[in-house]
Amino acid sequence: MLEKARKELPTVVFEKARFEIPKARGHLQGTKTLFTNVHQIANTLHRPIEHFVKFLYKELATPGDLSNKSLLLKRKVAASVVNEKIRKYADEFVLCSQCGKPDTTIEKEGQFSYKRCTACGNKQIIKSVI
C-alpha cells in the first residue's frame with residue numbers, strides 16, 4: 001500500500017531543487033525608486049504581478065506605477081528594505097508552513113483565501129492583500 005501511495009504523490013514531493021528568491025534590482029531616480037526585475041520576481045514566486053505589487057505598496061506605504069518592464073515607487077526605498085518585504089511576501093503567500101516548499105497555490109473559498117501546498121497537501125488560511 002505504501003508503494004502505491006508513493007506512486008500517486010506528485011513528483012515535486014521528491015525533488016530536492018533549491019528555491020531562491022531573486023533580489024530586487026533597481027536604482028534611484030531623484031525622489032523615486034525604479035525596480036527593473038519585479039516581473040521576474042513575481043514569475044519566480046508563481047504569483048500574479050498585481051497581487052505581489054499590491055503587497056509591496058501596502059508594506060512600503062507608498063504608491064507606485066507598474067509598467068510592462070518595471071515598477072516605479074514614488075519615494076526613495078532602499079533595496080535592502082524591498083528585499084526584506086519580498087522575503088516576507090514569500091513567507092506569507094508562497095512557502096508552505098508545513099514542509100517549506102514553494103509549491104503552493106492560492107485558492108479562494110467563499111470569503112477566505114487559502115494557501116494550498118501541492119507537495120504535502122497542507123492548507124493554511126492567509127490574509128488578503130487589500
Hydrophobic side-chain clustering at under 4.5 Å (ILVMFWY, transitive links): who's grouped with Leu72? Put none if nobody.
Leu34
Spacing of NZ belonging to Lys101 relative to SG belonging to Cys117, to within rounding of 0.5 Å:
8.0 Å
Tell me whether the count of non-hydrogen atoms from other residues, nucleotides or ligands lying under 6.0 Å of NZ in Lys85 goes above 12.
yes
Taking every non-hydrogen atom, the tightest pair across Gln124 and Ser97:
OE1-OG, 2.8 Å
Of all heavy-atom pairs between Ile86 and Ile41, which one has the smallest distance, and what is that distance?
CD1-CD1, 3.7 Å
Does some side-chain heavy atom of Asp65 sit less than 4.5 Å from a side-chain heavy atom of Lys74?
yes
Using every non-hydrogen atom in the two residues, find where Leu60 and Arg75 come nearest and quote the distance to one decimal.
O-NH2, 2.7 Å
Residues in side-chain contact (heavy atoms from CB on, under 4.5 Å) with Glu109, at least two apart?
Glu107, Tyr114, Arg116, Lys123
What I'd like to find out is whether the side chain of Glu59 reaches to under 4.5 Å of the side chain of Glu84, using heavy atoms alone.
no
Side chain proximity check, Tyr57 to Leu66, heavy atoms < 4.5 angstrom
yes
Residue pair His39 / Ile49, side-chain heavy-atom distance below 4.5 Å:
yes
Grouping I, L, V, M, F, W and Y whenever their side-chain heavy atoms are under 4.5 Å apart, do Phe55 and Phe112 come out in a common cluster?
no
Decide yes or no for Ile21 and Leu45: does some side-chain heavy atom of the first lie under 4.5 Å from some side-chain heavy atom of the second?
yes
Between the NE2 atom in His27 and the OG1 atom in Thr33, the distance rounded to the nearest 0.5 Å is 9.5 Å
What is the distance from atom CG of Asn122 to atom OG1 of Thr104, rounded to the nearest 0.5 Å?
10.0 Å
Within the distance-only criterion (no hydrogens, no angle test), does the side chain of Ser113 pair as donor or acceptor with the backbone N or O of Ile126 below 3.5 angstrom?
no
How far apart are the closest heavy atoms of Arg47 and Thr105, and which atoms are they?
NH2-N, 4.1 Å
Sort out for me which residue in Val38, Asn37, Asn43, Thr36 forms a side-chain contact (heavy atoms from CB on, under 4.5 Å) with Gln40.
Asn37
Taking Phe35 as the starting point, is it possible to reach Leu28 by hopping between hydrophobic residues whose side chains are less than 4.5 Å apart?
no
Nearest 0.5 Å, please: how far is OH in Tyr89 from NZ in Lys58?
12.5 Å
Minimal heavy-atom distance between Ala24 and Val82, with the atoms involved, is CB-CG1, 3.8 Å
Salt bridge Lys4-Glu8, side-chain N to carboxylate O under 4.0 Å
yes
